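Encoded as structure tokens, the structure appears first; notes follow it.
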Amino acid sequence: MFKSIIRLNSGAISFCKVCPRHQAFRVTLKYSTASADRKRFYEDVSISQGEGGLYEVNLDRRKLKTPSGKLFTVPNEALAIAVATEWDAQKDTIKFYTMHLTTLCNTALDNPTQRNKDQMISAALKFLETDTICYRVDEPPGLVELQKNEWDPVLQWIENRYNVTIGSSSSILGPEIPQGTKDRFRQHLSSYTAWSLTGLEFVITQLKSLVLSLGMIDRHLSVEQAVLLSRLEEEYQIRRWGNVEWAHDYDMYELRARTAAGALFVHLSSESSTVKHKLMQD
Amino acid sequence: MASLSSPLRVCREILKELRAIQGPSYKQSLAYNYVLDQFRKNKVTGERYCRAQQEARHASLTYLCLLVSTRNHLALHNLYHGKGERSPEEVAGLVGLRLPTQPGGKGWENWPHVI
């Protein structure tokens with residue numbers, strides 16, 4: 001009699017494994033096959049809220065995973081919706097190079113290079129020494145004027161905002177950044193979460209400037225303005241010699257897309273919104 | 001387009017982008033509802049300079065920039081960088097030649113002969 005019961009139980013268990021329809025299982029995406037042949041294999045993209053209030057993205061019935069196999073979770077709904085929109089925007093093939101927010105979330109979740117906050121802050125501060133805005137040319141005079149008119153106001157703004165001194169210089173070595181400035185920035189950057197720092201590091205690497213990145217994150221500059229200031233010399237040359245669509249415009253749109261994704265990522269990772277309703281008294 | 005200073009214009013532009021992404025059923029998408037919701041929530045404020053409103057405005061402009069730039073980047077990529085290599089027939093056709101045809105096959109298609 002026992003034998004038949006055991007056989008029945010083992011039969012039931014294997015029956016459950018065979019029909020996975022009753023449980024949401026995870027999809028293992030081969031990110032490594034970066035060729036454009038990865039076809040869109042899902043119809044709907046949706047989001048759901050899991051444990052701990054974290055949001056997940058679902059492709060059809062399956063949950064999205066990061067490249068290292070962890071479950072893809074984000075802390076707020078807006079970011080989840082934006083990522084879902086990115087996945088939904090893919091037409092016949094999946095083009096990972098257009099999905100910047102997904103890439104940023106994956107990096108923040110997986111942390112493949114095992115960086116902690118201090119390392120990221122130090123790397124960001126290191127960039128200040130070779131900041132684009134601080135490097136001026138001596139000639140041609142049109143470019144010198146342009147750099148002075150466009151970059152000086154941003155430098156003034158950041159010096160006032162953070163009460164620091166950063167100079168600009170036209171020598172090869174660049175400006176001397178005093179230690180007080182670095183400490184002040186380090187203190188400010190420590191207030192960001194690890195996720196926000198991942199986004200910020202991405203933006204700094206794209207714009208090649210800590211000053212411009214902070215200006216954009218603090219909402220002093222828009223994305224288009226920050227990209228324009230970062231590419232100031234290129235814009236000057238374009239105005240002089242003409243525009244090449246397949247190079248200049250291509251680079252500009254790619255830079256704008258990445259910077260916008262980074263900025264949105266930083267803002268969404270560090271925001272908390274509350275709605276206060278005022279009573280209407282008529 | 002003229003300067004996008006009013007939130008209404010920014011909202012319209014974002015929704016236009018979403019429609020370009022998703023096709024005719026964009027009104028049921030998550031992003032559509034979320035965006036409209038956010039714009040409605042932030043519309044009314046009693047203060048003259050509302051910091052949250054400035055933040056929301058910057059965020060909406062950033063998202064619009066993201067959508068527009070990815071679309072343009074993809075379009076330019078497909079236009080200029082998407083073609084890949086030409087096949088041997090096309091290469092021959094560039095100089096006006098055609099590839100020779102050999103009805104019996106070239107004789108080495110199945111080399112090395114695997115039994």
Side-chain angles (χ1 to χ4, degrees), chain A residues 36 44-47 57 77-78 80-86 88-91 95 97-101 216-227 244-268 271 273-278 280, chain B residues 1 3-5 10 14-15 17-23 25-26 28-38 40-47 50-84:
Chain A
D44 303 306
V45 186
S46 57
I47 63 170
V57 176
E77 192 188 7
I81 293 184
V83 171
T85 315
E86 273 187 353
D88 210 11
Q90 306 303 313
K91 300 277 163 24
K95 300 184 159 69
Y97 57 85
T98 55
M99 301 162 72
H100 302 295
L101 284 173
M216 195 182 57
I217 299 291
D218 285 343
R219 302 179 176 93
H220 174 73
L221 300 166
S222 72
V223 177
E224 288 90 347
Q225 284 170 323
V227 167
V244 177
E245 201 184 24
W246 54 261
H248 290 136
D249 278 351
Y250 184 79
D251 282 342
M252 181 186 77
Y253 283 124
E254 187 179 19
L255 188 59
R256 272 194 192 172
R258 287 171 187 238
T259 316
L264 205 62
F265 187 78
V266 173
H267 285 148
L268 291 176
E271 78 163 10
S273 61
T274 52
V275 181
K276 277 202 198 126
H277 292 283
K278 274 162 60 171
M280 301 274 283
Chain B
M1 55 186 130
S3 69
L4 297 167
S5 42
V10 181
I14 294 183
L15 296 181
E17 291 295 323
L18 288 179
R19 189 179 70 197
I21 290 178
Q22 315 226 327
S25 66
Y26 73 111
Q28 284 96 39
S29 67
L30 292 161
Y32 180 84
N33 292 316
Y34 183 80
V35 165
L36 273 184
D37 211 36
Q38 287 296 303
R40 282 194 198 116
K41 269 194 209 157
N42 285 322
K43 221 175 13 173
V44 184
T45 174
E47 306 169 41
C50 175
R51 195 169 141 215
Q53 208 174 37
Q54 293 297 314
E55 290 180 358
R57 186 173 164 273
H58 191 267
S60 63
L61 283 172
T62 307
Y63 190 54
L64 176 63
C65 181
L66 175 63
L67 291 175
V68 169
S69 315
T70 34
R71 182 170 55 84
N72 286 328
H73 176 231
L74 192 58
L76 282 178
H77 183 89
N78 290 336
L79 184 56
Y80 292 112
H81 301 281
K83 285 222 190 88

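When reading the values below, keep in mind they use all heavy atoms of this one structure, side chains included, and skip hydrogens, waters and symmetry mates. Order of the sequence lines fixes the chain letters, A, B, ..., with proteins taken first and strands second; residue numbering starts at 1 for each chain. Treat the numbers as computed from the prediction; the structure is a model and nothing was measured.
Of the two parts of A/Leu101, only the side chain, counted from C-beta on, holds a non-hydrogen atom closer than 4.5 Å to a non-hydrogen atom of chain B. For B/Ala20, the part lying near chain A is the backbone, with the side chain staying farther off; criterion is any non-hydrogen pair under 4.5 Å. Within the 4.5 angstrom heavy-atom criterion, no atom of B/Leu67 approaches chain A.
Ranking B/Leu18, B/Thr62, B/Val35 against chain A, the residue ahead of the rest is B/Thr62, based on heavy-atom pairs under 4.5 Å. When the candidates B/Ala31, B/Ala59, B/Gly23, B/Ser29 are compared by the number of heavy-atom contacts under 4.5 Å with chain A, B/Ala31 comes out ahead. Here A/Arg256 is the residue among A/Lys91, A/Arg256, A/His100 with the most heavy-atom pairs under 4.5 Å with chain B. Ranking A/Asp251, A/Thr85, A/Val45 against chain B, the residue ahead of the rest is A/Thr85, based on heavy-atom pairs under 4.5 Å. Chain B forms the most heavy-atom pairs under 4.5 Å with one residue out of A/Glu254, A/Gln90, A/Met252, and that residue is A/Glu254. Contact count against chain A (heavy-atom pairs under 4.5 Å) is highest for B/Asn72 among B/Leu79, B/Asn72, B/Thr70.
Put simply, the side chain of A/Thr98 does not reach to within 4.5 Å of the side chain of B/His77, judged on heavy atoms. Contact check for B/Tyr63 versus B/Glu17: no side-chain heavy atoms found under the 4.5 Å cut-off. Side chains of A/Val223 and B/Leu61 form no contact here, defined as non-hydrogen atoms less than 4.5 Å apart.
Side-chain atoms of A/His267 come within 3.5 Å of backbone atoms of A/Ile217 as a donor-acceptor pair (strictly under, hydrogens ignored). Counting only distance, with no hydrogens or angles, the side chain of B/Gln22 and the backbone of B/Arg19 share no donor-acceptor pair below 3.5 Å.
Taking the six-membered ring for Trp and thresholds of 30 and 60 degrees, B/Tyr80 and A/Trp246 have ring planes inclined between 30 and 60 degrees apart.
Separating the CD atom in B/Gln38 from the NZ atom in B/Lys41 is a distance of 5.0 Å, to the nearest 0.5 Å.
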